[in-house]
Each structure stands twice: as C-alpha cells, then as structure tokens.
Amino acid sequence: MTPRWHGAALTLRHSRRGGRPVGTARTRHVALGEFLRSRRSAFDPGQLPLPSYGRRRVSGIRREELALLAGVSASYYTRIEQGAVAASPTVLDAIANALNLDQEDRAQMHRLSRAESPRLLDNDPEALAENLQLVLRTIRETPVGVLGRSMNLLGWNRLAHAVFADHLPFEAPWAGPTALNWARQLFLDAAHRRRFADWEMVAQDIVGRLRASQAHHPNDQQIQAVVKDLLTASPEFARLWNAHPVRERSMGAVQLDHPRFGTLHLRDTVLRTAEDDHQMLIVFHAEPGSETEQKLHAISQSLLQG
C-alpha cells in the first residue's frame, strides 16, 4: 500500500517563521496532537493486518503505521501530531477511520482542529439562565441540576440536593460563580465520592465533559483554573485527564449508595437549550414503577412538608 499525499488539502494559518500555526490555532493543534497520541497509544495493533516494524517498546501503533492506514505520509502525520500543520477535514476523517474512533471522539478531533477566535463570553462569570431556573423550580419529583462550561453547578432542585449532596448547603450553587464545582466535588470531597457505587465511571464521565467543554472554549480561564487545580490536587484526575476521554451524551445508568435512602438506581438525560448551549440541564430519572421511583416520591413529599 502506497501512502498518499494530501498536501494540497492543507488549511494553514502561517506565521512568518517556518509556516507553523500561531496563537489560538497553535494551541488547538497542540491539543489535537495530544489527543491523537492518546488514541494511537490505546489502539491495539493486532486489530488490523500491518507490516512489522520490529519489536514494540510502547503501547499502541506507531506514527508510521497510522499514517499508512490513513493514506498519508509518515512525515505529514508526524507534523500533524506535533501541532505544526492544520489538516483538512478529509485527512482527519481518514485518521479517524484508521483509528476506528467513535462519534464523540470524531467530533472532539474536529473541534480541536478548528482555529476559532476566542468567544466573547468565555471568561464571563457563569450564571444560571433564567429559563433553566424556572425548570428547576417546576420539577419536584425528579432530581435535576445544571452544569456550566467549567462544570460549576449553577443550580439544582431540592430533590437533587437531597439525593446527591445533602451534606452541603442547598444554597451552595448560588453562593458565588465558582462556589460549587462538580468536578472538584467528585475528586476532592470524600463524602460526595462515596455516594457513587461506580465512582470511576462517574469520574471519567465528568472528565470527558470537561475535555469536550475545553475544546469548545479553549481560552476559558475558569476551565483552565479547574483543570490546573485538579491536576495538582488529584493524581486520579491527572490519570483520567491524560487519557483524553470525551463525553457529551448522557452517561446512562447511575447507582447511588445513599446513607439515609439506601440504593438508588437512576438514569441521566443531558439536555441543552438553544439559548444557552453551554449550560447542561441534567435530569436523573428512575424506571417507572421501580423501588427507586417510590423512594424519590417519598423524599420529594417529605421535602414539600418540611
């Protein structure tokens, strides 16, 4: 198989020093290279017939092997991974096909490749949208919360507070723009962590959401601060962060081990509004007729009476 050149498909933003992307473009292309390295190292070379390049010293497939599968030259792919060039969508799709990436990884790869101008709202303090505030006040028998772009909890209803974090004040999300961050809670609050039967799955989910949000908002100082703090404070966060997980869809089944209410089986649904697409409305619902649904009903009734 002869590698094919895609030099004509490049879309570069050149500086006058060596043709490298500059500014925001350079930052994104470096992030893209880190993402590609994480997926290349996780790829099992036994999945596809590849010519042997000798004994392997590291996990995954080599750059030369991935380039061959994607139909580009090894030197060109190396420059993509080093953040030296911006590849066209066609080349990125070829790389995604070679790595057998899922839809979320493909979307993340294309987000990281785009050199967009900084968003005007990226560094504005996050505040709960009025329409979502109304939703929280309306829903009473289902736990509901809203996460912002840096995983700050912007608001929740009484039932979500009772189920997920009743060791914290209900007013905590409204105490300040960064008062309650869901990622920090998961990694640094032992009581919060014990609520989740499969903490590793939930932790990977929130790190994946933070990764996806950072790709949408590469210049957001609040996201950068959360990541920096957690990389310093939590080796577990650093391990998951360096694996480059990506998550925007709903997580699915969540099991809680509540100290007062016992085991709760929930499923999450993640929704976004057209007006505030950087705020996630997360609804945790129980199976109809289940013991968990009965428990949620009883808890919500006691909250109304209290």
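We count residues from 1, following the sequence as given. These numbers come from the heavy atoms of this one structure, side chains and all, not from hydrogens, waters or symmetry mates.
- Minimum heavy-atom separation, Ser150 to Glu126: OG-OE1, 2.7 Å.
- Between Glu34 and Arg39, none of the side-chain N atoms (NZ, or NE/NH1/NH2) sits under 4.0 Å from a carboxylate O, so this pair counts as no salt bridge.
- Between Phe187 and Trp241, the gap from one ring centroid to the other reaches at least 6.0 Å.
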task: Show your reasoning for whether side-chain hydrogen bond (donor to acceptor under 3.5 Å, both in side chains) applies to His285 and Thr269.
output: CA-CA 8 Å; His285 47 91; Thr269 298; 3.0 Å; yes
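- Side-chain atoms of Ser41 do not come within 3.5 Å of backbone N or O of Gly60 as any donor-acceptor pair.
- The closest donor-acceptor contact from the side chain of Thr138 to the backbone of Leu134 lies under 3.5 Å.
- Side chain of Gln279 to main chain of Ala127: a donor-acceptor pair is present (N/O by atom type, distance under 3.5 Å, no hydrogens or angles).
- Salt bridge annotation for Glu248-Arg209: absent, with no cationic side-chain nitrogen under 4.0 angstrom from a carboxylate oxygen.
- The main-chain N or O of Met251 is found under 3.5 Å from a side-chain atom of Asp268 such that the two form a donor-acceptor pair.
- Contact annotation: the side chain of Leu128 approaches that of Leu136 to within less than 4.5 Å [non-hydrogen atoms, C-beta and beyond].
- Residue pairs meeting the salt bridge (charged side-chain N to carboxylate O under 4.0 Å, His left out) criterion with at least one member in residues 130-144, sequence neighbours excluded, do not occur.
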task: Apply side-chain hydrogen bond (donor to acceptor under 3.5 Å, both in side chains) to Arg111 and Gln108, showing your working.
output: CA-CA 5 Å; Arg111 277 192 295 268; Gln108 179 77 344; 2.8 Å; yes
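- A salt bridge links Asp166 with Arg195: the distance from a Lys NZ or Arg NE/NH1/NH2 to an Asp or Glu carboxylate oxygen falls below 4.0 Å.
- With respect to Asp220 and Arg149, a salt bridge is recorded, a charged nitrogen being found less than 4.0 Å from a carboxylate O.
- Using cut-offs of 30° and 60° on the angle between ring planes, the pair His192 and Phe196 is perpendicular.
- With Lys295 contributing its side chain and Phe261 its backbone, the two residues share a donor-acceptor pair below 3.5 Å.
- Leu186 CG to Met151 CE: the interatomic distance, rounded to the nearest 0.5 Å, is 11.5 Å.
- Between Asp189 and Arg184, none of the side-chain N atoms (NZ, or NE/NH1/NH2) sits under 4.0 Å from a carboxylate O, so this pair counts as no salt bridge.
- Residues Thr292 and Leu266 meet the side-chain proximity criterion, which asks for heavy atoms closer than 4.5 Å.
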task: Apply the test side chain to side chain contact (heavy atoms under 4.5 Å, CB included) to residues His297 and Gln301: give CA-CA distance (whole Å), side-chain angles for both, the deciding distance (0.1 Å), then the verdict.
output: CA-CA 6 Å; His297 175 74; Gln301 291 301 307; 3.6 Å; yes
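- A donor-acceptor contact shorter than 3.5 Å links the side chain of Asn242 to the backbone of Ala238.
- Taking 4.5 Å as the limit, some side-chain heavy atom of Glu236 sits within range of a side-chain heavy atom of Arg193.
- Formation of a donor-acceptor pair under 3.5 Å by the Asn97 side chain with backbone atoms of Asp93 is found in this model.
- Between Trp156 and Trp182, the ring-plane angle classifies as perpendicular under the 30° and 60° cut-offs.
- With Phe284 as the aromatic partner, Arg267 does not meet the cation-pi criteria of under 6.0 angstrom to the ring centre and within 45 degrees of the ring axis.
- The existence of a salt bridge linking Glu65 and Arg40 is excluded, since no basic side-chain nitrogen approaches an acidic carboxylate oxygen closer than 4.0 Å.
- With a 4.5 Å cut-off on side-chain heavy atoms, Asp257 and Thr263 count as touching.
- Every residue was checked against the salt bridge (charged side-chain N to carboxylate O under 4.0 Å, His left out) condition with Arg211, not counting sequence neighbours, and none meets it.
- One N or O on the side chain of Asn157 and one on the backbone of Thr142 form a donor-acceptor pair closer than 3.5 Å.
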- request: Just do the side chain to side chain contact (heavy atoms under 4.5 Å, CB included) check on Leu153 and Asn181 with the steps written out, would you?
  value: CA-CA 6 Å; Leu153 182 67; Asn181 183 274; over 6 Å; no
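- Looking at Ser300, its side chain does come within 3.5 Å of a backbone N or O of Leu296 through a donor-acceptor pair.
- For the pair Ser213 (side chain) and Leu210 (backbone), a donor-acceptor distance under 3.5 Å is absent.
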